[in-house]
Amino acid sequence: MEYDFQAIEKRWKAQWKSTDAYRVEEDPNRTKYYVLDMFPYPSGAGLHVGHPLGYIASDVFARYKRHQGFNVLHPMGYDSFGLPAEQYAIQTGQHPAITTETNIKRYREQLEQLGFCYDWSREVRTSDPKYYRWTQWIFSQLFESWYDIAADRARPISELVQALESAGLHEIKPSCDAKWWENLPLEIRVKWGEGFTGDLKSSQWLDASEDEKSQILMQFRLAYLADSEVNWCSALGTVLANDEVKDGLSERGGHPVQRKRMRQWIMRISAYAKRLLDDLETLDWTESIKEAQRNWIGQSQGAEVQFDIAETNHKLDVFTTRPDTIYGVSFMVLAPEHPLVLEITSPAHQESINQYQHAASLKSERERQGAGDQSVTGCDTGAFALHPMTGKKLPIWIADYVLAGYGTGAIMAVPAGDERDWKFAKNFGLDIPAIFDGKDTAESVFTEKTAKLCNSESLNGLSGQKAIPIAISMLEAKGVGSKQINYRLRDAVFSRQRYWGEPFPVCYENEIPRLVQSEQVTLPDVDAYLPTEDGEPPLARAKREAWNVFEGDRMEFNTMPGWAGSSWYFLRYMDPGNETVFCSREKSDYWGQVDLYIGGAEHTTGHLLYSRFWTKFLFDHDWIGFNEPFKQMINQGMILGRSSFVYRIQGTNQFVTFERRKEFQTQRLHVDISFVDGDTLDTEAFKNWRADYADAKFILGEDGSYTCGFEVEKMSKSKFNVQTPDDLVERYGADTLRCYEMFLGPLTQHKPWDTKGISGVHNFLRKTHRLFAQADEGTPDEKSLRILHKTIKKVSDDLNRHAFNTVISALMIGVNELLDSKGHQKELLQPLAILLSPVAPHLAEELWEVSGGIDSVMDAAWPESHDKWLVSDRVTYPVSFNGKVRFQLELDATMNAKEVEDAAIQHEKTAAQIEGKTIRKVIVVPGRIINIVIG
RNA sequence: GCCUGGAUGGUGGAAUUGGUAGACACGACAGACUUAAAAUCUGUUGACCCGAAGGGUCGUGCGGGUUCAAGUCCCGCUCCGGGUACCA
């Protein structure tokens with residue numbers, strides 16, 4: 001009987017559906033295992049062959065764990081808010097919900113086609129109000145929380161209020177901006193006086209009005225409203241990401257983009273910087289991803305130093321990692337946006353400063369940070385700072401290499417010891433004080449901490465490493481500085497000026513925000529998915545009646561970013577239908593962390609950081625019992641496309657085959673890979689492709705066919721190299737596609753997609769089918785048993801280390817050898833069907849039945865290999881001379897090293913190798929190798 | 001620049017702890033079956049040299065090194081992919 005994959009796959013899919021085979025429930029008697037794929041965005045194009053790679057791997061692993069008796073949670077859902085649907089809505093007026101629904105339907109069909117063992121009853125969609133209700137709830141909780149630095153965790157804002165009422169800010173330290181009071185309106189600060197430095201008294205708090213209290217609390221909330229610099233594009237009425245801006249213009253449309261301060265919701269992720277950094281140690285992720293997160297969080301240790309500004313009362317704070325070089329400071333540099341610039345610039349410099357600030361505001365953050373061009377720019381303010389130790393006057397400049405958002409937005413420049421400062425000093429002719437003994441820093445910068453300091457008073461003679469703590473205590477003693485740990489990690493902007501996202505459960509009264517708690521806020525209908533004419537987000541178009549709940553003067557017009565819904569979705573899968581909590585504690589205690597997370601590496605610093613942050617927040621409130629979401633993660637590589645090309649002779653409609661293309665002047669054109677089999681073009685299909693090719697002529701090769709050229713590149717529609725799984729599933733079946741994607745190579749590596757090899761894998765399944773067709777009740781011989789147990793061991797070991805590609809080879813070898821040894825007894829075939837089941841589940845069910853298995857193969861216990869069948873009593877040793885293998889020697893496995901050595905030396909072929917030379921040494925690794933050193 | 005992953009036959013790749021490099025598969029070639037083709041099956045297939053069997057030399061991006069033994073470890077490079085960037 002032929003391997004009729006279509007009938008087999010149809011039959012078992014129906015069977016699984018009718019028995020609800022993938023339904024999982026909590027079961028206290030079994031150990032859980034949670035396998036998760038990264039949340040897909042359901043795009044209109046559907047899945048291409050690159051997508052399922054990770055899904056197949058996780059599915060294989062989930063099935064393997066199920067065989068091992070684990071209670072496996074393996075869910076799937078959709079990150080269904082997002083820009084493409086909104087873009088489509090702008091163009092067509094179709095509600096994004098409709099587009100999204102259509103796309104999800106297509107995704108679902110494709111996913112089901114591949115036979116994944118998802119428990120679809122747990123499916124979630126971020127755009128479903130029943131889901132985003134809880135995203136909104138988590139936002140509310142962040143709004144209602146502050147971060148207690150001493151306790152190192154989030155706490156309810158009510159506890160902060162209590163503390164403020166009884167003792168002010170004296171005894172507690174909330175995470176906040178270093179000078180949080182400067183964000184408050186002047187009226188409040190006036191009441192507290194000039195010298196206010198953050199030590200809020202309970203009397204001052206009790207004295208404040210309700211509005212004022214709300215504004216003060218805003219400085220400490222974990223979700224807070226503040227002004228933040230954004231790339232504003234007024235033509236598009238929206239904010240753009242750094243990489244959507246090119247040369248000061250929007251990438252789409254080429255409209256001018258300007259840096260602008262906008263009031264936005266922000267997440268105080270910086271409060272969690274240290275924990276996010278430290279807890280990386282507990283994760284089984286690749287070192288490269290962990291390292292990238294470390295760099296992103298960017299902890300640096302150093303000191304904050306205060307400089308007085310000459311002839312004013314202003315003070316300038318800077319952060320430095322090199323307080324030891326304090327005597328090398330020769331000027332100061334502020335970010336162009338630094339609030340002090342306005343106040344200190346001398347009238348003579350005012351105009352050039354204004355110009356420079358304007359120019360800087362037109363640059364994107366990326367451009368400011370140099371992307372490519374290393375030219376040094378800056379502008380003198382005409383003001384001077386006073387050196388805290390020497391009192392020397394130091395000119396204050398502004399330059400765009402100093403970023404407002406990092407540290408204090410100002411630096412003390414030490415040209416002798418810092419690359420950028422040195423270049424800046426050289427460029428503008430500023431002093432470069434020599435502070436390193438024996439280093440000529442007028443000629444080149446010296447950035448290491450190894451040289452002994454000079455011209456540095458009490459620090460003289462010390463190396464930088466030793467001088468740092470001494471310099472800090474010196475600064476502390478003088479009251480002009482203190483030890484400080486700084487993080488590069490910035491608070492995350494949480495507002496988007498878009499329609500298709502979660503609405504905030506927030507309304508405004510006198511522009512003071514408060515939570516809407518009477519009812520869930522759902523997305524209102526709008527007449528268009530565009531910003532309003534005065535640049536308000538699309539939600540500002542919603543009429544009052546369009547909101548299902550309307551409180552205060554107005555509702556919040558922003559929506560939440562894409563990462564909101566995806567930061568906690570792994571929790572919702574545990575308890576998808578719960579209408580009273582986001583996930584019951586009982587269920588999250590049972591399912592716990594994701595044991596294995598599979599997805600691309602492109603989410604390294606976005607999703608993977610934010611979901612860690614939210615997990616820690618939920619943990620702080622004891623709503624879940626673990627503080628990291630994803631225990632182990634594997635990042636799959638990208639699947640690249642294989643493009644095919646035809647060669648058109650210039651100026652004609654004639655196409656020349658690949659081998660002969662050099663004989664003519666040709667243009668290389670992409671051709672749709674669906675007309676190409678191997679590299680051979682279906683010329684008829686090609687002619688029917690497009691009208692202008694209808695009368696194409698071909699110069700063929702010797703074999704009478706047209707051969708295409710090829711190249712490996714990213715899969716994309718415009719390159720006509722996109723392979724969808726659909727037609728492959730139709731031609732070969734889902735099991736073949738699953739096996740083939742696994743067989744292609746290591747999961748984590750990038751690899752070209754090439755269907756050439758798929759027939760080999762398909763062939764393997766056919767051979768397997770053929771082997772089982774001969775199933776009988778006999779007793780297997782020893783040879784076959786050895787093959788089986790070798791295969792069990794190899795497949796199990798490889799699955800354990802996620803080497804899915806070699807799992808397939810091992811199965812191929814096993815099947816080939818069993819066909820050879822006539823090992824078709826049911827006793828052998830049943831375990832073999834189980835081994836096959838994770839990778840080719842449909843065929844495995846069929847074969848399980850054929851070989852007399854009971855119930856579904858999915859729940860059959862994973863076979864164990866027995867040493868009895870693995871160890872052999874004979875060993876074939878390679879015998880090498882000076883490392884070169886010369887012959888094989890079969891010996892008894894029980895022989896010890898000395899006996900093996902003697903046997904090797906006495907062997908007749910050894911004599912021929914020695915030939916006059918003497919044996920210097922013999923190395924025997926029992927069971928492995930013999931090496932005889934001669935000379 | 002920095003961080004990070006990689007480079008092995010014509011192709012995808014295997015070699016898990018330093019121990020027989022090239023498993024498995026594709027492709028190619030040859031053969032069987034066939035009137036023929038397709039399909040299927042069998043064999044050969046890293047390069048080079050001598051040859052009847054058999055044997056030898058070279059060989060894992062490049063140059064060094066450690067070792068009885070290196071694709072694997074160390075030092076120095078080249079190229080390709082990804083991330084990131086004047087982060088004080």
Side-chain angles (χ1 to χ4, degrees), chain A residues 286-292 294-296 298 300 302 318-322 325 333 335 365-366 368-377 399-403 405-414 417-421 423-424 486-490 600-602 604-605 635 637-638 640 642 678-679 710 712 740 743-746 748-761 763-764 766 770 794 797-798 800-801 803 805-806 808-813 816 876-888 920-925 927-935:
Chain A
T286 61
E287 207 36 55
S288 62
I289 298 255
K290 290 206 263 185
E291 192 59 27
R294 278 184 207 114
N295 293 338
W296 193 262
S300 53
V318 303
F319 174 74
T320 177
T321 51
R322 294 292 304 272
T325 62
V333 188
E365 192 163 327
R366 248 181 219 179
R368 279 184 51 170
Q369 293 172 3
D373 146 49
Q374 295 291 311
S375 65
V376 182
T377 66
D400 59 14
Y401 78 85
V402 176
L403 301 178
Y406 183 75
T408 62
I411 61 157
M412 58 176 223
V414 182
D418 183 280
E419 187 88 42
R420 286 152 305 150
D421 297 347
K423 279 190 187 151
F424 197 84
N486 230 9
Y487 294 92
R488 192 189 115 155
L489 183 68
R490 278 178 267 167
E602 66 273 19
T604 305
T605 47
N635 304 108
M638 203 196 313
L640 305 162
R642 188 179 192 277
D679 280 322
F710 74 92
V712 169
Y740 185 56
F743 184 64
L744 222 45
T748 55
Q749 248 166 56
H750 291 216
K751 49 201 158 271
W753 177 255
D754 185 346
T755 51
K756 258 201 225 153
I758 201 167
S759 62
V761 174
N763 218 2
F764 150 65
R766 277 221 318 265
R770 184 157 22 106
K794 176 76 177 153
D797 287 354
D798 287 356
N800 288 334
R801 64 188 178 104
N805 52 331
T806 51
I808 308 289
S809 337
L811 288 168
M812 285 175 170
I813 295 168
N816 285 342
T876 305
Y877 282 94
V879 183
S880 21
F881 294 83
N882 291 343
K884 288 190 185 7
V885 179
R886 288 296 121 122
F887 61 91
Q888 314 286 320
R920 305 264 176 223
K921 197 174 178 184
V922 179
I923 288 108
V924 174
V925 182
R928 297 217 82 131
I929 194 185
I930 302 164
N931 189 18
I932 299 172
V933 185
I934 51 178

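Proteins get letters first, then strands, A, B, ... in listed order; numbering begins at 1 in each. All values derive from a computational prediction rather than experimental measurement.
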According to the Watson-Crick and G-U wobble definitions, with both distances under 3.5 Å, which nucleotide is paired to [N]?
N	value
B:C48	B:G56
B:G18	none
B:U42	B:A30
B:C2	B:G83
B:U78	B:A7
B:C73	B:G65

I need the [atom1]-[atom2] distance between [X] and [N], as an integer number of Å.
X	N	atom1	atom2	answer
A:Asn763	B:C24	CG	C1'	13 Å
A:Leu744	B:C24	CG	C1'	13 Å
A:Lys756	B:C24	NZ	P	20 Å
A:Ile758	B:G27	CD1	C1'	16 Å
A:Arg801	B:A14	CZ	C1'	10 Å
A:Phe743	B:U11	CZ	C1'	12 Å
A:His750	B:A7	NE2	P	13 Å
A:Trp753	B:U11	CH2	C1'	15 Å

Nearest listed nucleotide, side chain of [X], among [options]:
X	options	answer
A:Asn816	B:C68, B:A25, B:U84	B:A25
A:Val402	B:U20, B:A88, B:G19	B:A88
A:Lys794	B:U16, B:A88, B:A15	B:U16
A:Ile923	B:C68, B:G13, B:C87	B:C68
A:Arg490	B:C87, B:G27, B:G6	B:C87
A:Trp296	B:U20, B:U84, B:G13	B:U84
A:Arg766	B:U20, B:U40, B:G56	B:U40
A:Ser288	B:C68, B:U4, B:C87	B:U4
A:Asn931	B:A88, B:C68, B:U20	B:C68

(request) Would you mind calling B:G13 syn or anti? Take O4'-C1'-N9-C4 for purines or O4'-C1'-N1-C2 for pyrimidines, and syn is within 90° of 0. (result) anti
Return yes if some donor-acceptor pair links the side-chain N/O of [X] with the main-chain N/O of [Y] below 3.5 Å, else return no.
X	Y	value
A:Ser880	A:Ile930	yes
A:Asn882	A:Ile934	yes
A:Asn931	A:Gly883	yes
A:Tyr877	A:Gly927	yes

(message) Quiz question: going by heavy-atom distance under 3.5 Å, is there a donor-acceptor pair between the base of B:U57 and the side chain of A:Lys884?
(response) no
Using a heavy-atom cut-off of 4.0 Å across all strands, would you classify [X] as base, sugar-phosphate, or nothing?
X	result
A:Ile813	sugar-phosphate
A:Asn805	sugar-phosphate
A:Asp418	nothing
A:Arg420	base
A:Ser809	base
A:Val933	sugar-phosphate
A:Gln888	base

Span that lies between the [atom1] atom of [M] and that of [N], in whole angstrom:
N	M	atom1	answer
B:A21	B:U72	P	13 Å
B:G61	B:G10	P	13 Å
B:A15	B:U60	C1'	11 Å
B:U4	B:G19	P	25 Å
B:C80	B:U8	C1'	15 Å
B:G63	B:A53	C1'	41 Å
B:U57	B:G5	C1'	35 Å
B:C33	B:G43	C1'	15 Å

(request) Return the 5'-most residue of the pair A:Asp798, A:Met812 with respect to RNA chain B, ranking by each residue's nearest nucleotide. (result) A:Asp798
(request) With RNA chain B as reference, determine whether A:Gly409 or A:Thr806 sits nearer its 5' end, using the nearest nucleotide of each. (result) A:Thr806
Is [X] close enough to [N] that one of its side-chain N or O atoms is under 4.0 Å from OP1 or OP2 there?
X	N	value
A:Asn295	B:U4	no
A:Arg886	B:U20	no
A:Arg770	B:C41	yes

(request) Provide the closest heavy-atom pair for A:Arg322 versus A:Met412 in the form atom of the first, atom of the second, distance. (result) O-CE, 3.9 Å
(message) Minimum heavy-atom separation for A:Ala335 and A:Val402, please, with both atom names.
(response) CB-O, 3.3 Å
(request) Return the orientation label for the A:Phe887 and A:Phe881 ring planes: parallel under 30°, perpendicular over 60°, tilted otherwise. (result) tilted
(message) To the nearest 0.5 Å, what is the distance between CZ on A:Arg294 and CG on A:Leu489?
(response) 14.5 Å
(request) Please check if atom CZ in A:Arg928 has more than 12 non-hydrogen atoms from other residues, nucleotides or ligands closer than 6.0 Å. (result) no
